Amino acid sequence: MIQDTIVSRRTIRKFHPDDIPLHTIVEVLEDAKWAPNHKFREPWEVVLYKGEGKGQLIDQVQESIVRNELDEEKSEKKKEKINQFINEIPIHLVVYMKSSESAKERHEDFAATCAFIQNVQLLSWSKGLGVVWKTNGFIFDPVFREGIGLEADDVIVGMLHIGKPAVIPNPKERKSIKNSLKICDTATQSKKEHSSSM
């Protein structure tokens, strides 16, 4: 049931190193493409790293760290950390979109790509896989984007790290949607009156 998948999904930060068959991830992506998108532009693009290909991703991330970290000791620690992180997780996806000249289209395409990413998370969860969606600083580095084969102005919406969960965290309390919901059902009733009536 979709409600159970949505409510039970957790962001996973510790993974088993077990390999994930490529066809499993392709199936997830094939189903995720049914995300809503404006004028059927299907703006999302995906670069997938697995196996020995993860080395390419590590190289580009480490180069970005060196360029942007002035403290050499911190730079080395970050490089070591990213090397371990990427090597220990079976699948890494860079999800990006082309940048439109139209602000409206950029907004629409970003929203659609986020919907695609949420579909990937939910579909992965339904197959017993965990995901962490990250937006580290290097995704905004145009040299990093070019290094992985993207255009300088492509927009990376997120990096998804996927594998079998080693630890599933307990759910954290979520505030009631009533705290974020304003209902307007008459022409004159004020927002304050609506909020106090719920």
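As the structure is a computational prediction, the values presented were derived from the model and not from experiment. Values below: all heavy atoms of this structure, side chains included; hydrogens, waters and symmetry mates excluded.
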Do [X] and [Y] touch side chain to side chain, with heavy atoms closer than 4.5 Å?
{"X": "Asn68", "Y": "Phe138", "answer": "no"}
{"X": "Asn37", "Y": "Phe116", "answer": "no"}
{"X": "Ile162", "Y": "Pro90", "answer": "no"}
{"X": "Leu22", "Y": "Leu48", "answer": "yes"}
{"X": "Lys74", "Y": "Ile65", "answer": "no"}
{"X": "Ser64", "Y": "Val143", "answer": "no"}
{"X": "Tyr49", "Y": "Ile148", "answer": "yes"}
{"X": "Glu72", "Y": "Val66", "answer": "no"}

Sort out for me which residue in Val132, Ile91, Leu93, Val94 forms a side-chain contact (heavy atoms from CB on, under 4.5 Å) with Leu160.
-> Leu93

Counting heavy atoms not belonging to Arg10, are there more than 12 under 6.0 Å from its CZ?
->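 Yes - once you tally the heavy atoms of other residues, nucleotides and ligands closer than 6.0 Å, there are more than 12.
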
Answer yes or no: is there an ion pair linking [X] with [Y], defined by an N-O contact shorter than 4.0 Å?
{"X": "Glu69", "Y": "Lys78", "result": "yes"}
{"X": "Glu80", "Y": "Lys77", "result": "no"}
{"X": "Arg145", "Y": "Asp153", "result": "no"}

So salt bridge (charged side-chain N to carboxylate O under 4.0 Å, His left out) across residues 106-119, not counting sequence neighbours, yields Arg41-Glu108, Arg41-Asp109, Lys104-Glu108

Of all pairs that satisfy salt bridge (charged side-chain N to carboxylate O under 4.0 Å, His left out), the ones with a partner from residues 25-37, not counting sequence neighbours = Glu27-Lys127, Glu30-Lys33

Would Trp133 and Thr11 satisfy side chain to side chain donor-acceptor pair (under 3.5 Å), going step by step from the backbone distance to the final call?
-> CA-CA 8 Å; Trp133 174 359; Thr11 293; over 6 Å; no

If you look at every heavy atom in [X] and [Y], which pair is closest and at what distance?
{"X": "Val28", "Y": "Leu123", "result": "O-CD1, 3.5 Å"}
{"X": "Glu105", "Y": "Ser100", "result": "OE1-OG, 3.0 Å"}
{"X": "Ile139", "Y": "Phe144", "result": "CA-CD2, 4.2 Å"}
{"X": "Lys164", "Y": "Ile20", "result": "CG-CD1, 3.9 Å"}
{"X": "Pro43", "Y": "Ala112", "result": "CG-CB, 4.0 Å"}
{"X": "Asp154", "Y": "Glu151", "result": "OD2-N, 2.8 Å"}

Ring pair (Phe, Tyr, Trp, His ring centres under 6.0 Å) assessment of His161 paired with Phe85 = CA-CA 10 Å; His161 311 285; Phe85 178 81; 4.8 Å; yes

Report the C-alpha distance between Met97 and Glu45 in whole Å, list the side-chain angles of each, state the deciding distance to 0.1 Å, and finish with yes or no for side chain to side chain contact (heavy atoms under 4.5 Å, CB included).
-> CA-CA 6 Å; Met97 53 176 252; Glu45 304 277 348; over 6 Å; no

CA sep, side-chain torsions, deciding dist, call: Glu88, Phe15, side chain to side chain contact (heavy atoms under 4.5 Å, CB included) | CA-CA 8 Å; Glu88 287 182 352; Phe15 299 85; over 6 Å; no

Where do Ile12 and Ile168 land on the side chain to side chain contact (heavy atoms under 4.5 Å, CB included) test, with the steps shown first?
-> CA-CA 6 Å; Ile12 300 301; Ile168 298 177; 4.2 Å; yes

For Gln118 and Cys114, run side chain to side chain contact (heavy atoms under 4.5 Å, CB included): C-alpha distance rounded to whole Å, both residues' side-chain angles, the deciding distance at 0.1 Å, then the answer.
-> CA-CA 6 Å; Gln118 177 66 341; Cys114 287; over 6 Å; no

